[in-house]
**Q** 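Have a look at this one before I ask anything.
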Amino acid sequence: MKFFVDTADIGEIRDLAETGLLDGVTTNPSLVAKTGRDFIDVIKEICSVVDGPVSAEVAATDYQTMVDEGKKLADIADNVAIKVPLTMDGLKACRTISQSGSMVNVTLCFSPVQALLAAKAGASFISPFVGRLDDIGHDGMELIEQIVDIYENYDTITTEVLVASIRHPMHVVEAARLGADVCTVPPDVLRKLALHPLTDKGLAAFLADWEKTGQSIL
Ligand code: G3P
């Protein structure tokens with residue numbers, strides 16, 4: 001499974017990119033607004049740090065302006081993935097932008113039939129928001145299971161399932177067990193994936209016993 005980080009904070013992206021575990025980045029208008037920086041500058045800098053897909057979302061809601069904005073965003077760098085909302089105009093723009101050769105990430109997906117339409121529109125990625133479904137008492141991971149099951153029925157579907165709106169490590173566990181292609185994870189949750197108290201306890205015990213040997217490896 002691929003791991004993307006869900007942030008526009010360049011400091012977090014640089015820090016996590018150095019781990020070698022980062023396969024891409026997703027942003028959205030809210031995450032970009034949090035940086036207080038110019039949108040184009042932020043995406044340009046992120047693309048210079050991460051080689052994998054970097055999602056940059058259009059702000060328009062009408063087809064033609066989405067396409068025009070998509071062209072401008074695609075010109076920033078070859079690894080820009082144009083993010084469009086899952087609306088009829090967004091699906092139409094997805095078709096046009098994907099046919100022009102750019103990656104498209106169709107976002108704000110909350111149902112399996114929406115995901116089916118995004119695949120038909122040529123999406124490179126579909127972004128189902130699991131956390132926001134959980135937030136209102138629905139089962140976000142059930143949506144992932146439905147989408148993976150549906151996509152597996154059609155060899156012609158190449159759209160990657162990009163699990164978004166992740167709230168905690170168990171979302172990542174379930175997404176991996178279901179066979180999702182990508183998880184886009186907030187920086188703090190991404191760091192939590194490596195943590196376990198028994199690892200810390202075991203390492204402390206190893207180091208204490210090594211100290212007693214009085215030896216050093218170098
Ligand atoms: O990439 C989509 C993601 O940023 C949405 O997450 O936490 O706003 O539901 P959240």
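Start at 1 and go down the list; that is how both ligands and their atoms are numbered.
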**Q** Please list, in number order, the atoms of ligand 1 under 4.0 Å from a heavy atom of Lys83.
**A**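 Those atoms are 1 (O).
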
**Q** Among all the protein's non-hydrogen atoms, which is closest to atom 3 (C) of ligand 1, and how far away is it?
**A**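 The closest one turns out to be Asp6 OD2, 3.0 Å.
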
**Q** For atom 7 (O) of ligand 1, find the nearest protein heavy atom and state the residue, atom name and distance (0.1 Å precision).
**A**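 The closest heavy atom on the protein side is Arg167 NH1, 2.8 Å.
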
**Q** Hey, what do you get for CE (Met66) to CD (Glu57), rounding to the nearest 0.5 Å?
**A**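 Met66 atom CE to Glu57 atom CD measures 9.0 Å (nearest 0.5 Å).
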
**Q** Please write down residue, atom name and distance for the protein heavy atom closest to atom 6 (O) of ligand 1.
**A**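 Result: Ser165 CA, 3.4 Å.
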
**Q** If the condition is ring-ring contact (aromatic ring centres under 6.0 Å, His included), which residues does His138 pass it with, not counting sequence neighbours?
**A**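 In terms of ring-ring contact (aromatic ring centres under 6.0 Å, His included), with neighbours along the sequence ignored, His138 is linked to no residue.
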
**Q** Suppose we measure from atom 8 (O) of ligand 1 to each protein heavy atom; which comes out shortest, and what is that distance?
**A**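 Checked against all protein heavy atoms, atom 8 (O) of ligand 1 sits closest to Arg132 NH2, 2.8 Å.
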
**Q** If two hydrophobic side chains count as joined below 4.5 Å and joins carry through other members, does Val172 share a cluster with Leu143?
**A**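 Val172 clusters together with Leu143.
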
**Q** Taking only distance into account, with no hydrogens and no angle test, what donor-acceptor pairs under 3.5 Å do side-chain atoms of residues 116-130 form with protein atoms, sequence neighbours excluded?
**A**
unit_1: Ser124; atom_1: OG; unit_2: Val104; atom_2: N; d: 3.0
unit_1: Ser127; atom_1: OG; unit_2: Asn105; atom_2: OD1; d: 2.7
unit_1: Ser127; atom_1: OG; unit_2: Asn105; atom_2: ND2; d: 3.4

**Q** Report the part of Glu57 in contact with ligand 1, treating N, CA, C, O as backbone and CB onward as side chain, heavy atoms under 4.0 Å; options are side chain, backbone, both, neither.
**A**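 None of Glu57 does.
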
**Q** Answer with side chain, backbone, both or neither: which part of Asn28 has a heavy atom less than 4.0 angstrom from an atom of ligand 1?
**A**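 Answer for Asn28: side chain.
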
**Q** Which heavy atom of the protein is the closest neighbour of atom 5 (C) of ligand 1, given with residue, atom name and distance?
**A**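 Going by distance alone, atom 5 (C) of ligand 1 is nearest to Phe129 CE2, 3.6 Å.
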
**Q** If we only count heavy atoms from C-beta on, is the Val42 to Ile10 side-chain gap below 4.5 Å?
**A**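 No, every pair of side-chain atoms sits at 4.5 Å or beyond.
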
**Q** Look at the side chain of Asp6 and the backbone N and O of Ala164, then say whether any donor-acceptor pair between them is shorter than 3.5 Å.
**A**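 Checking the backbone N and O of Ala164 against the side chain of Asp6, no donor-acceptor pair under 3.5 Å is found.
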
